[in-house]
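Report on the structure given below.
This one's a predicted model, so the numbers in the text were calculated from it and none came from an experiment.
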Amino acid sequence: MDFPTTVIELIKKRFEETNGSCEFGGCESDAMAPYYVAHLEDNLVDTMAECHLREYAQGVGVELGEKMRALRSSSAMTFNLLGNHRVRIVDSMLAPKGRYSINYEYQLPTLQGNPNKANLDARLLAENKNAVVYCEMKMAEWMLGWMKMLRVSYLDPDRYLIPKEDAAVFIEMFNGLVKGDPNWKGSRKTRFSRFDALQMAKHLLAIYTNLENEEASSIKLVNCIWEVRDTSLLAPYEKKYEVWLATERLEFFDFIRTARPVYDLFEKRGFDLVIDYVPVDRFLACLEKTDEQKAKLARYLV
């Protein structure tokens, strides 16, 4: 088997070990059909509440269709980890302890005339509204996906919805995340090979642009990444995975260094910003779950 197939076979094997067998199929690709559940509910730990069904239905990724039935779906993983309505954080490593309301597929504007808003996987707001956590969740995308390019509009100060002097700081950050000459559309390649720095930068811009509507003064942007602990399960690709994971983590810190001036913008506005990289197993350990939920969520612990 090649590396992508080895990864998704591991995901399926772990799913069947922890959640039992179910009907697979209903995918446009015959080759990928064995890695999609036929019924969405089989891919979810709990039945999704109507309010969250509406959120996912309105998201830009059409998540409730075929996409969320994939065993490797980061959207399904997001909902499975956080659940319906509210979640209790029990470890302050993630955020101040307490109960948080949940919104999925949380959309915020980035630029003037841009029909595609930033789409954050989840937004957690503390009940006392002292803290908010924005979550960008990755399952296998960082291993099996590809990097998008930066559109020229993100380098044009006239497209920004914030003051020109603030826009200049974000433009400097975006310029620090790309390399090489622009293509005929003006788009630039990212200099990152694993970590999705451009997406995180756009999320930062969206959060900053929305600060006047922010309910909490403590803001955290979390990149939650699914990692494989027992690399022997990826044989014969253990070394390849270990190199890629090390690259992913190093590139996160590279992104933080490049984004450092943006922290100052938040601070000047009276907001405390933290950007963090959190593996899925550590993320899950910070949340209150029943024993039954933990047993099913073990599918993400390998």
Qualifying ring pair (Phe, Tyr, Trp, His ring centres under 6.0 Å) pairs, either residue in residues 216-239, two or more places apart
Phe3-Tyr237
Side-chain donor-acceptor pairs under 3.5 Å in residues 281-290, sequence neighbours left out?
| from | atom 1 | to | atom 2 | distance (Å) |
| --- | --- | --- | --- | --- |
| Asp281 | OD1 | Arg229 | NH2 | 3.0 |
| Asp281 | OD2 | Arg229 | NE | 2.9 |
| Asp281 | OD2 | Arg229 | NH2 | 3.2 |
| Arg282 | NH1 | Asp91 | OD2 | 3.4 |
| Arg282 | NH2 | Asp91 | OD2 | 2.8 |
| Lys289 | NZ | Leu81 | O | 2.6 |
| Thr290 | OG1 | Gln293 | N | 3.1 |
| Thr290 | OG1 | Gln293 | OE1 | 3.4 |

Compute both the distance and the angle, then confirm whether Arg260 meets the cation-pi test with Tyr263: under 6.0 Å from the six-membered ring centre, within 45 degrees of the axis.
yes
Going by atom types alone, do Asn80 and Tyr300 pair a side-chain donor with an acceptor below 3.5 Å?
yes
Using modelled atom types only, decide if a donor and an acceptor are shared between the side chain of Thr209 and the backbone of Leu205 within a distance under 3.5 Å.
yes
Is the count of non-hydrogen atoms from other residues, nucleotides or ligands lying under 6.0 Å from Lys240 atom NZ greater than 12?
yes
Tell me, with the steps shown, if Cys22 and His39 meet side-chain contact (heavy atoms from CB on, under 4.5 Å).
CA-CA 9 Å; Cys22 66; His39 308 288; over 6 Å; no
Within this structure, what is the CG-CG distance for the pair Leu10 and Leu71, rounded to the nearest 0.5 Å?
11.5 Å
Does any part of the side chain of Glu66, heavy atoms only, come nearer than 4.5 Å to the side chain of Tyr36, both counted from C-beta?
yes
Glu242, CD atom: more than 12 neighbouring heavy atoms under 6.0 Å
yes
According to the interplanar angle, ranging from 0 to 90°, do the rings of Phe195 and Phe255 count as parallel (below 30°), tilted (30 to 60°) or perpendicular (above 60°)?
tilted
With rounding to the nearest 0.5 Å, note down the distance linking CG in Leu204 to CE in Met173.
5.5 Å
Using a 4.5 Å cut-off on heavy atoms from C-beta on, say whether the side chain of Leu198 contacts that of Tyr154.
no
Hydrophobic cluster membership, Met149 vs Leu111, 4.5 Å side-chain cutoff:
no
For Glu251 and Ser193, what are the C-alpha separation, side-chain angles and deciding distance, and is it a side-chain hydrogen bond (donor to acceptor under 3.5 Å, both in side chains)?
CA-CA 8 Å; Glu251 288 184 342; Ser193 61; 3.0 Å; yes
I'd like to know whether Arg299 forms a side-chain contact (heavy atoms from CB on, under 4.5 Å) with Asn43, so could you lay out the CA-CA distance, the side-chain angles of the two residues, the decisive distance to 0.1 Å, and finally the verdict.
CA-CA 11 Å; Arg299 64 184 281 193; Asn43 210 23; 2.9 Å; yes
Over all atoms of both residues, closest heavy-atom pair of Gly176 and Arg191
O-NE, 2.6 Å
Hydrophobic cluster identity match, Met139 and Leu233, side-chain contacts under 4.5 Å
yes
Run the salt bridge (charged side-chain N to carboxylate O under 4.0 Å, His left out) test on Glu292 and Lys294 for me, step by step, so that the C-alpha distance in whole Å, both residues' side-chain angles and the decisive distance to 0.1 Å come before the verdict.
CA-CA 5 Å; Glu292 181 179 1; Lys294 288 178 182 178; over 6 Å; no
Find the distance between CD1 (Ile225) and CE (Met143) and round it off to the nearest 0.5 Å.
9.5 Å
Can you tell me if Asp121 uses its side chain to pair, donor with acceptor, with the backbone of Met137 under 3.5 Å?
yes
Before accepting this row, confirm whether a basic side-chain N of the pair Glu9/Lys12 lies closer than 4.0 Å to the acidic partner's carboxylate O.
no
Charged tip of Arg69 within 45° of Tyr35 ring normal and under 6.0 Å:
no
Indicate yes or no: at least one non-hydrogen side-chain atom of Leu234 is less than 4.5 angstrom from one of Val7.
yes
Looking at Asn130, is its backbone amide N or carbonyl O close enough to the side chain of Asn128 to form a donor-acceptor pair, meaning the two atoms are under 3.5 Å apart?
yes
Taking the six-membered ring of Phe192, is NZ or CZ of Lys179 closer than 6.0 Å to its centre and within 45° of its axis?
no
So, Asp46 side chain and Gly83 main chain: donor-acceptor pair closer than 3.5 Å or not?
no
Note, Leu211 side chain near Ile219 side chain (heavy atom, < 4.5 Å)
yes
Within this structure, what is the CG-CZ distance for the pair Leu177 and Phe174, rounded to the nearest 0.5 Å?
7.5 Å
Regarding Arg269 and Glu267, does a basic nitrogen lie under 4.0 Å from an acidic carboxylate oxygen?
no
Is there a path of hydrophobic side-chain contacts, each under 4.5 Å between heavy atoms, that joins Met93 and Ile89?
yes
Are Val132 and Ser218 packed together at the side-chain level, in the sense that at least one heavy-atom pair is separated by less than 4.5 angstrom?
no
Arg86 and Glu127 ion-paired at < 4.0 Å
yes
Are any of the side-chain heavy atoms of Lys296 and Thr18 separated by less than 4.5 Å?
no
What's the spacing between Asn175 CG and Thr258 OG1 if we round to 0.5 Å?
11.0 Å
Counting only N and O atoms by type, is there a donor-acceptor contact under 3.5 Å from the side chain of Asp254 to the main-chain atoms of Leu250?
no
Examine distances only and state if a side-chain atom of Thr5 and a backbone atom of Met1 form a donor-acceptor pair shorter than 3.5 Å.
no
Can you label the angle between the Phe79 ring and the Tyr56 ring as parallel, tilted or perpendicular, going by 30° and 60°?
perpendicular
For the pair Met77 and Val280, evaluate side-chain contact (heavy atoms from CB on, under 4.5 Å) and give the outcome as yes or no after the intermediate values.
CA-CA 9 Å; Met77 183 181 75; Val280 164; 3.8 Å; yes
Tyr134 with Leu161, same ILVMFWY side-chain cluster at under 4.5 Å
no
Trp142 six-ring face occupied by Arg194 cation (under 6.0 Å, within 45°):
no
Rounded to the nearest 0.5 Å, the CG atom of Asn210 sits from the NZ atom of Lys117 at a distance of 9.5 Å
State whether the side chain of Tyr241 and the backbone N or O of Val228 hold a donor-acceptor pair below 3.5 Å, judged by distance alone.
yes
Side-chain donor/acceptor of Arg88 to backbone N/O of Tyr100, under 3.5 Å:
no
Spell out, as yes or no, whether a donor-acceptor pair under 3.5 Å connects the side chain of Asn84 to the backbone of Ala49.
yes
I would like to know whether Glu136 and His203 meet side-chain contact (heavy atoms from CB on, under 4.5 Å); could you show each step before the answer?
CA-CA 9 Å; Glu136 176 58 38; His203 288 344; 2.9 Å; yes
Does the side chain of Ile102 reach to within under 4.5 Å of the side chain of Arg123, using non-hydrogen atoms?
no
Find out whether Leu155 and Arg188 are in side-chain contact, i.e. whether some heavy atom of one side chain is under 4.5 Å from a heavy atom of the other.
yes
Should we count CD of Glu215 as having more than 12 external heavy atoms under 6.0 Å?
yes
Backbone N/O of Ser21 and side chain of Glu16: donor-acceptor pair under 3.5 Å
no
Would Leu82 end up clustered with Leu53 when hydrophobic side chains under 4.5 Å apart are linked, directly or stepwise?
yes
Less than 4.0 angstrom from a charged side-chain N to a carboxylate O is my criterion; do Glu227 and Arg249 meet it?
yes
Would Phe170 and Tyr208 count as a close aromatic pair, with their ring centres under 6.0 Å?
yes
Does Lys220 come within less than 4.0 Å of Asp272, counting only side-chain N to carboxylate O?
no
